2 protein chains.
Amino acid sequence: MNLRDLRYMIALAEHRHFGRAAEACGVSQPTLSVQLRKLEELLGITLFERSSKAVAPTSACDRLIGHVRGAVAEAEAILAVARDLRDPLAGRFRLGIIPTLAPYLLPLVFAPLREALPALEVEPWEDQTNALVERLRAHDLDALLLATEVEGVDLASRTLFAEPFLAALPPDHALASRDYVVEAELARDILVLADGHCLRDQALAACGHSGALGGALRASSLSTLLNMVAAGYGTTLIPGLAAGAAQDAGIVLRPLAAGAGRTVRIAWRTRFPRAAAVEAVGAVIAARLRGFAEGSAAGMTWVSGAGRDA
Amino acid sequence: MNLRDLRYMIALAEHRHFGRAAEACGVSQPTLSVQLRKLEELLGITLFERSSKAVAPTSACDRLIGHVRGAVAEAEAILAVARDLRDPLAGRFRLGIIPTLAPYLLPLVFAPLREALPALEVEPWEDQTNALVERLRAHDLDALLLATEVEGVDLASRTLFAEPFLAALPPDHALASRDYVVEAELARDILVLADGHCLRDQALAACGHSGALGGALRASSLSTLLNMVAAGYGTTLIPGLAAGAAQDAGIVLRPLAAGAGRTVRIAWRTRFPRAAAVEAVGAVIAARLRGFAEGSAAGMTWVSGAGRDA
DNA sequence: AAGCAACGATAGACGTTGCCAATCGTCGCG
DNA sequence: CGCGACGATTGGCAACGTCTATCGTTGCTT
């Protein structure tokens, strides 16, 4: 059975005239005649009672026409929906973001994304790197914002911006009076996030820490970490975009001497068909962060500017 | 777009494997591969993300698959309904019957019809001959039970049985003492039905009446006519099948000398596709009436038997 | 009564489509 | 590095849909 034949059937039921129905379908009268006879043979029933005077649908035709219209309507719907889905810059876009980035980056880029890609419904999903990569591979997410490289030929990524780390100190800390802090100086009393956060490993690596922290507390979120530093429990490294939140918590921030930092990138499946959407989202984020990146080697731009010029 | 391609799409969405999906569809893997690519090109969107490891439906595919399943389901429904409609001896059968026949014939044939044609839903429609023929030509009815011939090459008919007329007399009427009544003797005080009833013309013709009845009353139904005769207003001719009702009304019935009567036939459109149903209905009715027809020339069978042996 | 017009059915030719078997290219694994 | 699994590609073939031209029937008109 063919959708075309069903359209012929509908046309004939409406026009009750082979010639005019054929014209409405854009085919010749013999074509419609032959195809309709085939359909009747396939179904094993007579759909139309032909006479020299008029063509009339049989009761069987009346019983079937509803389903026939339904099938054709669904086919039309498929085409219509497909037309809407054709734009890769439209529709849902599930974007995974790591927890140390999401609360500080999203407020910055939400408005620009809405403006540049109004048809794209960006749905953020916050989780740690490993979980995000897993969900990306499982097609549960369309792209990720990470601070690490991705592994495997099935995944690809593009750098969006470089984000320097800053030393986060209690106001009364010995290092708080310095203009710059050497990364290794933080190793003694550094506080870090729980396992699984990429920022934990990167912070430890930046300050040359062995990784064996003994009984040191591991914060479950950057927000917790900041409050602990503010309370004088120790120091930490925070990503530049969190500078605003840190300052609000009453923490002293200082640039790092060696310019330690991380690279934020957008990652996606190599075969993902909506590469254009990934590219567009990445471009918007990179453009939004370009101002922050200038002169960021020194880190001062981030300390004074991040989260303040929106 | 083709229903076949939509089935391929569903299979691939379910199996997530070209080879197995193709096997499920009964085609080779290249066939499914090519057809699916064509479908994607037609829709302008990628439906499946292929990798060496796995095949995954895209979000666009997820959005479309509902409509796709809907279209295929409607197609299946068409086939299923058509299968039920294939039997010409099943389904609605709209049967027009004239008012002087319906009340007396239907009770006789309803049970036999249900028994012989259990799947046929016979829907009686009572009206006068002209209206019935009009509705038959308009495809509002499937067949008619008439007492007249039908005209036109578009219609055909078959004789079912011969039905004699009987003289209906008030018990105290002068003719009531006779064994037989000569038709012409009724002309003097005959009562007839209203215009449009074929029985009216046939009764008048049988007794040689001119047709100009002056102020004579014209009954709107045979039942009314019988009550009028019973009340002594005059005489009439009734069809044999109404004998039971007439006797119940206290009317004296007498056979007619010349054996006047009418022929009941079933009529249908020449091109009507369910000729088998017409034939079957006609056969059941003819068989049921066969007993009544024997020896009906004299008319006595009908007087004593009609409506009594059911 | 004969010719004509309208209509659906039929026939033959042609281009397209769907299909299969065979093969290729890629990727992952031992 | 070879092998196996998998999807993509190719070439040939048969079936299908479509066209133009024509036929047969029917109803109307002259």
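Below, read A as the first sequence line, B as the second, and so on, with proteins coming before strands; counting in each chain starts at 1. Bear in mind that the values here come from a model prediction, so they are computed numbers and not experimental data.
Contact check, B:Lys38 against C:dT17: no side-chain N or O comes under 4.0 Å of OP1 or OP2. Under 4.0 angstrom from either OP1 or OP2 of D:dG7 there lies no side-chain N or O belonging to B:Ser33. Dashed line: the shortest gap from a side-chain N or O of B:Arg50 to OP1 or OP2 of D:dA8 is under 4.0 Å. Within the structure, a side-chain polar atom (N or O) of A:Arg37 is placed less than 4.0 Å from OP1 or OP2 of C:dT10.
Here C:dC27 presents its C1' atom at 18 Å from CZ of A:Arg269, a figure rounded to the nearest Å. Atoms CD (B:Glu49) and P (D:dC6) sit 18 Å apart, rounded to a whole Å. Straight-line distance from the CD atom of A:Glu23 to the C1' atom of C:dC7: 15 Å, rounded to whole Å. Residue B:Arg271 contributes atom CZ, which lies 11 Å from atom P of C:dG8 at whole-angstrom precision. The separation between A:His17 atom NE2 and C:dA6 atom C1' is 7 Å, rounded to whole Å. With rounding to whole Å, B:Arg7 atom CZ is found 15 Å from C:dG18 atom C1'. The distance from atom CG of A:Leu36 to atom P of D:dG17 is 13 Å, rounded to the nearest whole Å. Counting to the nearest Å, the P atom of D:dG7 and the CG atom of B:Leu12 are 8 Å from each other.
Take the nearest nucleotide of DNA chain D for B:Ser51 and for B:Val153: the residue whose nucleotide is more 5' is B:Ser51.
Within 6.0 Å of CD on A:Glu134 lie no more than 12 heavy atoms contributed by other residues, nucleotides or ligands. Summarising the local packing, CD of B:Gln29 is surrounded by more than 12 heavy atoms from other residues, nucleotides or ligands at distances under 6.0 Å.
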Which pairs, protein N/O on one side and nucleotides 19-24 of chain C N/O on the other, fall under 3.5 Å?
from	atom 1	to	atom 2	distance (Å)
C:dC19	OP1	B:Arg4	NE	3.4
C:dC19	OP1	B:Tyr8	OH	2.8
C:dC19	OP2	B:Tyr8	OH	3.4
C:dC20	OP2	B:Ser28	N	2.8
C:dC20	OP2	B:Ser28	OG	3.0
C:dC20	OP2	B:Thr31	OG1	2.7

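Under the 3.5 Å distance criterion, the side-chain polar atoms of A:His139 are matched with a main-chain donor or acceptor of A:Arg137. With hydrogens and angles ignored, the 3.5 Å screen pairs no side-chain donor or acceptor of A:Arg200 with any backbone N or O of A:Ala194.
Between the side chains of B:Ser51 and A:Arg271, not a single donor N or O lies within less than 3.5 Å of an accepting N or O. Using a 3.5 Å distance cut-off with no hydrogens or angles, the side chains of A:Arg262 and A:Thr100 do pair a donor with an acceptor.
Of the options A:Leu39, A:Asp5, A:Leu6, a side chain to side chain contact (heavy atoms under 4.5 Å, CB included) to A:Val68 is made by A:Leu6 and by none of the others.
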